[in-house]
Undergrad: 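First, the structure itself, so that you have it in front of you.
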Amino acid sequence: MQEKYLPTEIEHAAQQKWTASQVYRARDDADRPKYYCLSMFPYPSGKLHMGHVRNYTIGDVLARYHALRGFNVMQPMGWDAFGLPAENAAIANNVPPAAWTYANIDHMRTQLQALGFAIDWSRELATCKPDYYRWEQWLFTRLFEKGVIYKKMATVNWDPVDQTVLANEQVIEGRGWRSGALVEKRDIPMYFFRITQYADELLSGLDTLPGWPERVKTMQANWIGKSVGVRFAFPYQLDGKNEKLWVFTTRADTIMGVTFCAVAAEHPLATRAAENNPALAAFIAECKQGSVAEADMATMEKKGMDTGFKVTHPLTGEQVPVWVGNYVLMSYGEGAVMAVPAHDERDFEFANAHGLPIKQVIQNTLVHTDVLRAQRPESDYPELYFDATRWKSWYASKSRDEVLVFNSGKYDWMYTDDAVDAIAADLAALNLGEKKTQFRLRDWGISRQRYWGCPIPIIHCDTCGDVPVPAEQLPVVLPEDVVPDGAGNPLNKRADFVNCACPKCGGAARRETDTMDTFVESSWYYARYACPDFEGGMLDARANQWLPVDQYIGGIEHAILHLLYARFFHKLMRDEGLVSSDEPFANLLTQGMVIADTYYREAADGKKTWFNPADVELRDGNAFLKSDGQPVDIGGTEKMAKSKNNGVDPQALIDQYGADTARLFTMFAAPPEQSLEWSDAGVEGAHRFLKRLWKLAHDHVQGGAVAAFAGGELPEAAKTLRRQLHQTLQKVSDDIERRKQFNTAIAAVMELMNALAKLEGDDAVTRSVRQEVLEAAVTMLAPIVPHIAEALYAELKPGATMAWPKVDESALVQDEIELMLQVNGKLRGQIRVAATADKAAIEAAALASEAAQKYLEGQAPKKVVVVPGRLVNIVV
RNA sequence: GCCGGGAUGGCGGAAUCGGUAGACGCAGCGGAUUCAAAAUCCGCCGCUGGUAACAGUGUGGGGGUUCGAGUCCCCCUCCCGGCACCA
């Protein structure tokens, strides 16, 4: 056995062995239980980043652990290959996105292989290949014919200089990233998936996913945002015709407190009002500037302007003014809201800003009669009384059964829920409204005015309209020799792509040049891995054999969009008869972000240049660029991303220390679900541990062959070590399988190795215990550091196959245990008692102890709390 | 702004069901080995006071529940993720 740990050599050898024997090939025909372990596939951005290493190591640990436990494991890998960065690279380097993407895939595949992941490479797929996206196009045409996909107008960011649609990411402080022009909102036709039709099922389905983190399910539930409310109308007359302004509210109980209505700038009523009102037209134009991102909309200053129109309150008959408000979203509900400034924070701010009346219609139950008011005068109980200046503290602290409706005529002194029902019934009787379930979730717009994406399989014919491409004409192949220039979609300039014959009438027609949102590709790839070679359709029977995915692993940043779309797509495929399950992912692990410091310099025009942490030097809390020694500004600690140039290249780590050290360090530095703040320190420690492990095994193997301990009496030290081994085995199994917390599993094995190094003696029985400990420790570490484990196991037990060790219950038995002794909750000492001692015996031992005598000072204890196996607390 | 999460020594983190706060590792300090260094090995290591034994104090801040709170409840601060065209 080699005395020194040489990672490069053993990693090479191990990887060659695994490749030659195809051990990681998932068998479609195995009779062992299946375990489908899937990590979110990477976008081929160029090279692996730390987030990839973390993600795929977590997946690999779980895959390898289950393989050692006897499962038929499938761990596939592929490429989420369409997307915006390829176009940006194309513009910057004058290379076609296709060529750039394929080169990146080749490089990153090599990097993944160097990390020694137990991946079944025979199932590799790339979403930009026609044999993948043709089935996406096929499903699109099916869904289009079913009406699940439809076309409507939608608002996008428009760059008036570059004459192009911008992604939200390309809008920086309201301006186009390349042109610097003020961005405008523009309405264009787009295709939509009717995801709202599945809103209820997507919500209730969350309850069938015990293997998902609560926080992800909460986020999805809030995103879907089911609310029961009332949709009703304010009637009005315009141009001699009777019209209705529809609104939706979850707080119909406050309807008598309405003092105005607010509509979105895009609302038809606003447009109509602006016709004869230049000031209003200018205001609406101003509202249409800026990005469409909700975060921008929500944080901007609340502005509004009176339209001059009045509508009629449906229950009081009062005239209510209609305002345009930039905080009202056209895309949510009706694009119009009733405003109750007394009981809604945004309405309250708006009313104060524009001098609109505020009418209180909710009263606290504790002061709602004269008698109760007398008992709790406002001077002593200000918090119970409504006051516009402390609106928030009064209202926010109330739950629905603490308040009553008042100032509201016939609805006075009703509880709010009863008032909603009564008001809804009265509005229904007037034919002006009804109870309605509303979702925050909007239909999924998938049209992108981009080149590097999956072509939407629609042909536009002047005679026949929008015609889906017939199945036999699929795929609509995207030409791969295109170099975009940043001004619009280059497909529009490709006559050979655009011009075609209408499949229905045969006449001259135009092909759709929009491509699909890349989230569409990533919504079904997990199913295609089961049958990547199937040419007869989207999926075959193997999909049901492998699905659902047993363990899905990916970044927390995908908690809502990707995971919701994938769940939605699974239901679409189910309803097409392609899969039989309802949910795609049985268990989900959302790894935290890998974050790092950001550094930048700001130019005079406000443009920021970002510098990589590797190129920056820190001195006394200030940062300097290594190349010129000049200071740079320190930004926040953020998710490693190209846009902030704060990624740390894992390749250097692998080159210097080997893949096992990189894997060990990423698993040891933080628990998977927490964000991992990158620092170079600590890598050395992980490497040191592997060297120590190697040396321990080496020194033992040098002593000659020995069989693992198989029973009998042991000296005390060996017996204690053996107990620790089996405790460790229990803990590591639990940490990996149930807790999915690998840092503590590693720590436990480190402790075991520290204890092993202290075990003395070279007699046969001690050596047999050492053999048992080493074999088990190497196996426990194998999922995390597979290369060194492979090499050491071959030395320890030549020719044998690794399998997860079994816990020896008899090794765990202990005669005496130690309990903590507290007096009044403060730790004052320890006592030793027999493991079998009952409460009375423990209490007696505690009271008799020296520490208890000292702190009791002769007083009789009031109470003694005994927590079995843990502690005794004497209360004086 | 809204939704979700987080904050524990100089640093990363541990404490799994309300029961020994700081496991394991990094950095640091002391020692052994060495001509010397690296590597390795042994020991110390929250803070304050004390030679020490020990005492007090300590989990972002404020309050509460409990025999007992890092953990549960209420309020607040800061940081991170998402917000529908980054992936």
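Sequence lines set the chain letters: A, B, ... in the order given, protein chains first and strands last, and positions in each chain run from 1.
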Undergrad: Could you state the atom-to-atom distance from CG of A:Leu752 to P of B:G25 in whole Å?
TA: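 Going from CG in A:Leu752 over to P in B:G25 covers 12 Å.
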
Undergrad: Test for a donor-acceptor pair under 3.5 Å between the base of B:U16 and the side chain of A:Arg738, counting only N and O atoms.
TA: yes

Undergrad: NA contact type, A:Arg450, heavy-atom cut-off 4.0 Å: base, sugar-phosphate, or nothing?
TA: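 Answer is base: heavy atoms of A:Arg450 come under 4.0 Å of a base.
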
Undergrad: Taking the side chain of A:Leu827 as heavy atoms from C-beta outward, which of B:G56, B:A21, B:G1 is closest to it?
TA: B:A21

Undergrad: Calculate the interatomic distance between A:Ile831 atom CD1 and B:G19 atom P; express it in whole Å.
TA: 18 Å

Undergrad: Counting only distance, no hydrogens or angles, is the base of B:C85 paired donor-acceptor with the side chain of A:Gln449 under 3.5 Å?
TA: yes

Undergrad: Have a look at A:Arg739 and say if it touches a base, only the backbone sugar-phosphate, or nothing, with a 4.0 Å heavy-atom cut-off.
TA: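 Counting heavy atoms under 4.0 Å across all strands, the contact made by A:Arg739 includes a base.
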
Undergrad: What distance, rounded to whole Å, do you find between the two C1' atoms, one in B:U66 and one in B:C72?
TA: 10 Å

Undergrad: Whole-Å distance between B:G12 C1' and A:Leu676 CG?
TA: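 Between C1' of B:G12 and CG of A:Leu676: 9 Å.
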
Undergrad: Expressed in whole Å, how much space separates the P atoms belonging to B:G10 and B:U59?
TA: 13 Å

Undergrad: Using the P atom as the point on both nucleotides, what is the distance between B:G62 and B:U71, in whole Å?
TA: 13 Å

Undergrad: Is B:G9 syn or anti, taking syn as a glycosidic angle within 90° of 0?
TA: syn

Undergrad: Write down the distance between CE (A:Met753) and P (B:A23), rounded to a whole number of angstrom.
TA: 20 Å

Undergrad: Given B:A87, B:G13, B:C67, which nucleotide is nearest the side-chain atoms of A:Leu561?
TA: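 Minimum distance to the A:Leu561 side chain belongs to B:A87.
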
Undergrad: Is the phosphate of B:G25, meaning OP1 or OP2, less than 4.0 Å from a side-chain N or O of A:Asn743?
TA: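 No, no such contact exists.
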
Undergrad: Hey, are A:Asp162 and A:Ser179 close enough side-chain-wise for a donor-acceptor pair under 3.5 Å?
TA: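 The answer is no; no qualifying pair exists.
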
Undergrad: If you go through the side-chain atoms of A:Asn168, does one of them form a donor-acceptor pair with the base of B:C85 closer than 3.5 Å?
TA: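 Answer no: no donor N or O sits under 3.5 Å from an acceptor.
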
Undergrad: Determine whether A:Arg186 and A:Ile188 make a side-chain contact, defined as any pair of heavy atoms from C-beta on separated by less than 4.5 Å.
TA: yes

Undergrad: Are the side chain of A:Gln724 and the backbone of A:Ala755 linked by a donor-acceptor contact shorter than 3.5 Å?
TA: no

Undergrad: Compare all side-chain heavy atoms of A:Arg663 with those of A:Met667 and state whether any distance is below 4.5 angstrom.
TA: no

Undergrad: Counting only side-chain heavy atoms from C-beta out, which of B:C24, B:A87, B:G43 sits nearest to A:Asn754?
TA: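 Minimum distance to the A:Asn754 side chain belongs to B:C24.
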
Undergrad: Syn if the chi torsion is within 90° of 0, anti otherwise; quick check, which is B:C78?
TA: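 This nucleotide is in anti.
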
Undergrad: With heavy atoms under 4.0 Å as the rule, sort A:Lys695 into base, sugar-phosphate or nothing.
TA: nothing

Undergrad: Does A:Asp514 reach the main-chain N or O of A:Ser447 with its side chain, forming a donor-acceptor pair under 3.5 Å?
TA: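 The answer is no, because no donor-acceptor pair under 3.5 Å joins these two groups.
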
